[in-house]
Peer 1: 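Pasting a structure below so you can have a look.
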Amino acid sequence: MKKFLLTSVLAVLAPVLAQAQGLTMGLGGNVTSLDPHYHSAGPNSAFAYTIFSRLTETDENSRVLPGLAESWKMIDPLTWEFRLRKGVKFHNGNDFTAEDVVFTFARIPRVVNSPGPYTSYLRGISATEIVDPYTLRIKTEYPVPILPLMMHNIAILDSATHANATTEDFNAGRALIGTGPFRYVSGSTNAGIKLARNKDFWGPAPDWESVDYRIITNSAARTAAFLAGDVDLIDQVASADVPRISQNANAKVVSKVGLRLMYINLDNARTKDPVFLTDNAGKPLATNPLKDVRVRKALSLAIDRQVLADRVMDGTAIPSMQYMPPDAYGFAKDLAPSSADPAGAKKLLAEAGYPEGFRITLHGSNDRFPNDARVLQAIGQMWTRIGVRTAVDAMPYGPFQSRASAQEFAAFLGTWGSSGEPGIGMTNTLATFDKAKGTGSINRGRYSNPAFDQALAAATSEMDDAKREAMLQDVTRMLVADMPILPLYIQKNVWAVKKGFSYAGRADEASMPQDVHPSR
Amino acid sequence: MTSLDPSDSDIAPPRSRSPARRIWRAFVGSRLAVTGLGVLLGLILLAVFGPLVVPQDPYDLMQLDVLDGQLSPGSPSAAGYTYWLGTDDQGRDMLSGIVYGLRTSLMVGVVSALAAAILGTSIGIFAAYRGGRIEALVMRVIDLQLSFPTILIALMILAVLGRGVMNVVLALVIVEWATYARVARSVAMVERRKEYIEAEECLVIPRWRILFQHLLPNCLPPLIVIATVQTGRAITLEATLSFLGIGVPITEPSLGLLIANGYQYLLSGKYWISLYPGLMLLVIILAINLVGDHLRDVINVRRLQ
Amino acid sequence: MLAWFARRIVQSLIVVVAMTIIVFLAVNVIGDPAAILISPDANQIERERIIAQLGLDQPLWRQYFSFLAGALQGNFGNSFVYGMPALQVILERMPATIELAIGTMIVSLLFGVPLGLYTGLHPESLPAKIAMSGSIIGFSVPVFWLGLILILIFSVQFGWFPAGGRGETGQLFGIEWSFMTGNGLRHLALPVMTLAIFKISLVMRMVRAGVRDVLPQEYVKFARAKGLKRPRILYVHVLKNIMIPVVTIIGLEFGSLIAFSVVTESIFAWPGMGKLIIDSINMLDRPMIVAYLIIIVFLFVAINLIVDILYTLLDPRVRLSSF
C-alpha cells in the first residue's frame, strides 16, 4: 500500500518535473524515412516539419500562414513572387536564402525510388528566378491558384549542406539539418528519436529543451504507454479508449475535426455483368444497378450517418456529405447530411426496378483506418434492412488496395485526406480517368461526368480565392446530386495529453512537438 | 447358464484384449480424464445443437442492430430477450455469438490439428525410416516451411481461394504439419535403430507394417503431447490470424475473432466482449488437454507391456 | 563429417532459391505493391514513372532474374518502403529480436525443465496437478490478449514495468542491447513474460512426458537395482534420454521466436524484426520480405544443424552420416 501511495505521488509529480525537462511523444504513424523528400506520407511529413521549415505553413484549420516566406503575391496568373524571411539560419549556422529554395526544388525530382514523390506538389512549376537573395519568383505553365498552399509540403534544404545528401544520410541523422524549431540529437525511427530545442529558431521559441519522439504503431500499446505514464502525449487515440482516458484525472482528451472523408466507392464502370452483385437467388445480374442514380441514392438514404459517427466511431467522427469539414475552405453549408430514411430508400429501389432488392458484397480494409471493419459491418446491417442483402469482406490493406485499384469490387470503403481545399481531392478521386490530363488518377469507380469535369476544371484554375471557393461549392453540389460515391463521415483526430501539457489539435493529422505547450 | 462365448472373461482364461479396448479400460480409470471427455462431448453437443436454442443468429446482419452495440451483460434487447452476456460492437448477442463461435473454433482447431498430425507424422516417420535422399529432401522442405511466416501463407490463401473457414483450416494445416513431421522424425530415428525394428527387417516383414504397426505406436507418446498442445495452439493461432485480419469472415466470428474484437475494448473496461469467449476457449482447451494428457499415459505402450 | 556438412550447405542453398521463387510468386498473388505504396497525390504519369523506377513494370521472371543477379553480388535490393538496402534495415533490428528470444528461452528452460521433472516424477501430487492445469492456460490464451492484460496489470495498474519500447541500451560487441542496462532489463520483462508463458508450458510438458516414458524402462530399473543414487539416475540417465524431442522442440521454438514474434513485438512496441516483417508484408515490400526470409531460412537451417549435432551427442546410436 505504501509503495502504491508512493507511485501515486510520483505520478502526480511527474508532469511538474516534465515541464522543466522535455516532452515525450508516442505517435501512431510509422515514419518510414527521415529524408523529407523521400515518401510523401503524413507521418514522414510531420516529423520533417519539426526539423525543417517550409515557405508557407498551415494553421490548425489548414489555412495558409507565412513560413520561411514572409509574404507572397501573384504578379500574373503564371507568376508568383515570394519574399523570404531574413536572418534565418540552418542548425549548422548556414544562412537561408533563395538559393536554397531553388536547390530544394531541383533535388525533389532527383530523389530515387521514391514511392510517393514530392513532385506532386511542384506540379505546373516551369521555372524559378532569384530576383535577390530574399526574393524568389516562381513561374508556372498553367494557372496554379493553390501554389502557396502546395508550398507548405516542401521542406527547404540547405544548398551547401545537402548538395550530395542521400536518403541514407538523412536516415542516419547526418543530414538532418534544417531551419525548424528542433534539431536532431540522436536515434532512429525504430529506437526513437531525440530532439533538442533550436535556440535560433526564426519563429516563436519552442517550449521544450528536449523532445523524445517515439513511434508506437499499435493503438492499444500507445494507450497503455500513455496510461502507464511512459509518454506525455499520444495521437490517433482509438475511439474505444477515449472513455477510459477521459476518466483519468491526470489526462485530457483533445479532439479536432480532421480533413479525412470516408466514403463508399461504387462501381460506375461496368454497365453490364457487374461483379459482386447478384439477385436475391444468387444469380448474376445482367446490368449494373449502381449505374442508376436512384439505386445510389437509395443506398445513401439507407445509411444512418449519425449512428456511424456516434455509435460505431464512438463520437470520433461527424457525418458529412462533402470532402471538407465545416469552417474549412470550400465547405458548402447547405449540404447537410440527410438523416436515414429506410422507407424512402425502399421506394427508390422499387422505382429503379428492384422492389425486392439485390445482393452485394461490400469490401474494405480492416487494419488501416479507425474502426474500418466495424463501419463496414454496420453499413452491411443498414443496407440489408432495405432489402439489399450485404456480405461484408474486410481484409488487410495490402490485398484490399491492390484489388480496389484493379476495380475488382462493386462497393468498397474508400477515403481521401484533403490538405486545405477540396479541388485536388475531387480531381483525383472523381474526375474522369484521363492519363493525358492527369485527372482521376485514383478514380477507382471510374465515374465519368463531362459536366462535372468541366466545372471542376474551371474551378481549379480560377485564381480568385473567393470566386474559386464558390465554384468548388457548386461542384460539390453536383456531386451530392449525382452520388457517384456515398460520403459517410469526416474523422476527428484524437490526442491524449497528460496534465501539465496543453495541445490544441490540428485538422491535418500532423502531431508536432512545437504545437505542444506547458499548461499554465 | 454357461456362456460359450470365449471372450466372456468369467470363464475364459485372461487373454490380451484388442489395444483399443485396453486403452479404453485404462482411460476410464481417471476421473479427471473422464470429466474432460464429458465436458468435451458437452461442448460438441452445444456446438451442434446450440444454434437451435440461442435467441439470435449472430451471423445474420438482419438480426443485428448496431444501436444495441456494446451493451453490458443483462441488458434487454429491442426484440424482447435479455443479453445475458452483453453484446459486442455490432449488437451481436455474446451468448449466441459464443455458441456459434464455439462451432467454428472447435471445427478449425480439431480438423486442422488432426489433419496436420496425420500428414506430418506420416511424412516424418516415413522420412526417418527411409533415410537417405528422401529424408534429406523432407527435412529441407520442413526447413522451408518452418521459416515461412504464417501470415504470408494465410494472405496467399486469402488472395487465391478467398475468405472462408475451410481456408483458415488449410492455412493452419500448411503451417502445422512441419512441427509434427520434425518431431515424429526425431523420435522415429531413435526408434528405428533399436533392436526390434532391425529384427523385423531381418524377418522381411512388409515395410508398411513395420512403419505403422511398430514404429508409429512407439513414436506416439511425444506426438500426443504435441497434438494436444497444437490443437489448443491451432485455435489460438486462428484467433491471432483473426486479430491480424486474415482469419474467418468478420460477419461469422469464431471465439478467436470475438476475443480479438473485444480486445480493443479491454482498456475501456468493456470486459465482456473478450472475457466470455476467452473463458469458453479456456474450457475447450482445458478439456482437450485433460483427455490428451491421460490418453498419452495410457497409450504409453511400454508401461502396459 | 565434412562431406555431410558440405551436402547440408548445398541443400540449404537450394532451399533458399526455392524460397525466393515462392516469395516472388506469393507477393505477386497477394497484391500489387504499386497500388499500396504510391501516394494518392501522384497522377498517372508520376505513377508510371515510379513503377518503372521500382522495376515493377517488368514481367515477373525478369524481375526475379534481376534480383538473382543482384543477390549473387550480395545486394538483396532496396526496400520499397524505406528506400534503404533491405539487409541493412533488417540487421539493424536483429539484436532487439535476438535478445527477446534468448531471454524467453532462458526463462522457459529455467522454469520448464524443473517443473517438468517434478510433475513427471510425482504425477499424482497436488502441486504437479496444479502445475499441469496451470500450464494449459499458457497455451489457451492468445498472445495479443495476454500481452495487453500483463500491461494493464503491471504497467498501468502498478507501474512496475514500462508498457513498451526497448528503453536504454548498452553496448556489447558494438551492438546496442537492452539487457546491458537496468532500465533495458525492465523493458524486457513484460514481453519476455508474455512469450515465456507458452514456452514454459510446452517445455514442462515435453519433459514430463519424457520422464513418464523413460522411468518404467529397463535401464532405469537396472540403474536403480544397481543402487545408483536418485539424482544421478535422474540427471544422467533420465534427462539425457528425454532430451531428443525436447531439444527438437526448443530449436523450433527458438527459431519461431526470432522469426515470428510479430504480435508481441507490436503490442510492446518492440523494435525488432517480427514487427518489421509484418509491416513489410502488409506493404508488400518484396525486397524486404525476400531478404528477411533468406535470413530466416539460414537461421532455421543453422538451428536444425545444431539440433542434429546435439542428437549425436545425446544418443550415440544416431550418426550424422545418416542425415
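Residue numbering restarts at 1 for every chain, and letters A, B, ... go by the order of the sequence lines. All values below were derived from every heavy atom in this structure, side-chain atoms included, with hydrogens, water molecules and symmetry-related copies excluded.
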Peer 1: What part of Asn218(A) gets closer than 4.5 Å to chain B, counting heavy atoms only: side chain, backbone, both or neither?
Peer 2: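 For Asn218(A), side-chain heavy atoms alone lie under 4.5 Å from chain B.
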Peer 1: Do you know which of Thr223(A), Thr384(A), Thr390(A), Ile245(A) has the most heavy-atom pairs under 4.5 Å to chain B?
Peer 2: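 That would be Thr384(A).
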Peer 1: For Leu67(B), is there any backbone N or O sitting under 3.5 Å from a side-chain donor or acceptor partner on Arg311(A)?
Peer 2: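 Yes, because the side chain of Arg311(A) sits within donor-acceptor range (under 3.5 Å) of the backbone of Leu67(B).
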Peer 1: Answer yes if the side chains of Gln401(A) and Ser405(A) hold a donor-acceptor pair under 3.5 Å, and no otherwise.
Peer 2: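 Checked: Gln401(A)/Ser405(A) side chains show no N/O donor-acceptor pair below 3.5 Å.
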Peer 1: For chain A, which residues from residues 260-280 of chain B have at least one heavy atom closer than 4.5 Å to it?
Peer 2: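 Within residues 260-280 of chain B, the residues that come under 4.5 Å of chain A (heavy atoms only) are Tyr263(B), Gln264(B), Tyr265(B), Leu267(B), Ser268(B).
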Peer 1: Contact part of Pro399(A) toward chain B, heavy-atom cut-off under 4.5 Å: side chain, backbone, both or neither?
Peer 2: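 Contact with chain B involves the side chain of Pro399(A) alone.
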Peer 1: Without swapping roles, check the side chain of Thr361(A) against the backbone of Ala391(A) for a donor-acceptor pair under 3.5 Å.
Peer 2: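 Checking the backbone N and O of Ala391(A) against the side chain of Thr361(A), no donor-acceptor pair under 3.5 Å is found.
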Peer 1: Where along residues 91-117 of chain B does a heavy atom come under 4.5 Å of chain A, listed by residue number?
Peer 2: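 Only Arg92(B) of residues 91-117 of chain B have a heavy atom under 4.5 Å from chain A.
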Peer 1: Need one label for Ala373(A): side chain, backbone, both or neither, based on atoms under 4.5 Å from any heavy atom in chain B.
Peer 2: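 Answer is both: backbone and side chain atoms of Ala373(A) are under 4.5 Å from chain B.
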Peer 1: Which bit of Arg389(A) comes within less than 4.5 Å of chain B, counting heavy atoms only: side chain, backbone, both or neither?
Peer 2: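 Only the side chain of Arg389(A) comes within 4.5 Å of chain B.
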Peer 1: Mind ranking Met395(A), Arg403(A), Gln377(A) by heavy-atom pairs under 4.5 Å with chain B and telling me who comes out on top?
Peer 2: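 Counting heavy-atom pairs under 4.5 Å, the top option is Gln377(A).
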Peer 1: Against Val231(A), only a single residue in Lys498(A), Met25(A), Arg214(A) fulfils side-chain contact (heavy atoms from CB on, under 4.5 Å); can you say which?
Peer 2: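 With Val231(A) as partner, Lys498(A), Met25(A), Arg214(A) yield a single side-chain contact (heavy atoms from CB on, under 4.5 Å), made by Arg214(A).
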Peer 1: Chain A: which of Thr251(B), Asp65(B), Leu158(B) shares the most heavy-atom pairs with it under 4.5 Å?
Peer 2: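 The option with the most such pairs is Asp65(B).
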Peer 1: Answer with side chain, backbone, both or neither: which region of Asp310(A) has an atom nearer than 4.5 Å to a non-hydrogen atom of chain B?
Peer 2: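 Neither part; nothing is under 4.5 Å.
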Peer 1: Give a yes or no answer on whether the side chain of Asp232(A) reaches the backbone of Thr24(A) with a donor-acceptor pair at less than 3.5 Å.
Peer 2: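 It does hold such a pair.
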Peer 1: If you compare all heavy atoms of Ala287(B) against all heavy atoms of Leu40(B), which two are closest, and at what distance to 0.1 Å?
Peer 2: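 Result for this residue pair: CB-CD1, 4.0 Å.
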Peer 1: Under 4.5 Å from any heavy atom of chain B, what part of Val307(A) do you find: side chain, backbone, both or neither?
Peer 2: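 Answer is side chain: those atoms of Val307(A) sit under 4.5 Å from chain B.
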Peer 1: Identify the heavy atoms of Ile142(B) and Ala181(B) that sit nearest to each other, and give their distance.
Peer 2: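 Of all heavy-atom pairs spanning Ile142(B) and Ala181(B), the closest is CD1-CB, 3.6 Å.
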Peer 1: Suppose a student defines contact as a heavy atom less than 4.5 Å from any heavy atom of chain A. Which residues in residues 48-62 of chain B would they list?
Peer 2: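 Counting heavy atoms that sit under 4.5 Å from chain A, the residues of residues 48-62 of chain B involved are Asp60(B), Leu61(B), Met62(B).
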Peer 1: With a 3.5 Å distance limit and no angle check, can you tell me whether Arg296(A) reaches the backbone of Leu290(A) through a side-chain donor-acceptor pair?
Peer 2: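 Present.
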Peer 1: Measuring heavy-atom distances to chain B, does Leu308(A) have an atom under 4.5 Å in its side chain, in its backbone, in both, or in neither?
Peer 2: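 Contact with chain B: none, neither part.
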Peer 1: Can you check whether Ile264(A) reaches Leu362(A) side chain to side chain, under 4.5 Å on heavy atoms?
Peer 2: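 Yes, at least one pair of side-chain atoms sits under 4.5 Å.
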Peer 1: Do any N or O atoms from the side chain of Asp279(A) and from the backbone of Lys283(A) form a donor-acceptor pair under 3.5 angstrom?
Peer 2: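 Side chain of Asp279(A) to backbone of Lys283(A): a pair is present.
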Peer 1: Can you classify the ring geometry of Phe400(A) versus Phe409(A) as parallel (below 30°), tilted (30 to 60°) or perpendicular (above 60°)?
Peer 2: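 Judged by the thresholds at 30° and 60°, the geometry between Phe400(A) and Phe409(A) is parallel.
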Peer 1: Name the orientation class of the two ring planes belonging to Tyr354(A) and Phe358(A) (parallel below 30°, tilted from 30 to 60°, perpendicular beyond 60°).
Peer 2: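 Aromatic pair Tyr354(A)/Phe358(A) classed perpendicular.
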Peer 1: Below 4.5 Å, heavy atoms only, C-beta onward: do Val237(A) and Val242(A) meet side chain to side chain?
Peer 2: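 SC-SC contact between Val237(A) and Val242(A) confirmed.
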Peer 1: Kindly give the heavy-atom pair with the smallest separation between Gly256(B) and Ala239(B), and that separation in Å.
Peer 2: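 Between these two residues, the closest heavy atoms are CA-CB, 3.3 Å.
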Peer 1: By the definition side chain to side chain donor-acceptor pair (under 3.5 Å), identify the one residue from Arg260(A), Gln491(A), Gln236(A) that meets it with Glu509(A).
Peer 2: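 Exactly one pass, corresponding to Arg260(A).
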Peer 1: Can you give me the closest heavy-atom contact between Thr82(B) and Gly74(B), atom names plus distance?
Peer 2: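 Result for this residue pair: CG2-O, 3.4 Å.
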Peer 1: Can a side-chain donor-acceptor contact be found between Asn30(A) and Thr217(A) if the only test is distance below 3.5 angstrom?
Peer 2: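 No, no side-chain donor-acceptor pair sits under 3.5 Å.
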Peer 1: Could you tell me whether a side-chain N or O of Asn366(A) sits under 3.5 Å from a main-chain N or O of Gly245(B), the two making a donor and an acceptor?
Peer 2: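 Checked: pair present.
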Peer 1: Could you tell me which non-hydrogen atom of Thr121(B) sits nearest to which non-hydrogen atom of Tyr180(B), and how far apart they are?
Peer 2: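 The pair with the smallest heavy-atom distance is N-CB, 4.0 Å.
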Peer 1: Would you mind telling me which of Gln90(B), Arg163(B), Gln70(B) has the largest number of heavy-atom pairs within less than 4.5 Å of chain A?
Peer 2: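 Option with the top pair count is Gln90(B).
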Peer 1: Considering non-hydrogen atoms only, spot the tightest contact between Pro319(A) and Pro337(A) and give its length.
Peer 2: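 In terms of heavy atoms, the two residues are closest at O-CG, 3.5 Å.
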Peer 1: Quick check on the structure: residues of residues 165-176 of chain B within a heavy-atom distance below 4.5 Å of chain A, by number.
Peer 2: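 Heavy-atom contacts from residues 165-176 of chain B to chain A are absent.
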Peer 1: Is any side-chain N of the basic residue among Arg374(A) and Asp314(A) closer than 4.0 Å to the acidic one's carboxylate O?
Peer 2: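 So Arg374(A) pairs with Asp314(A) through a salt bridge.
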Peer 1: Quick one: does any side-chain atom of Arg222(A) pair with a main-chain N or O of Ile234(A) as donor and acceptor, under 3.5 Å?
Peer 2: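 No, the answer is negative, given that no donor and acceptor are paired below the 3.5 Å cut-off.
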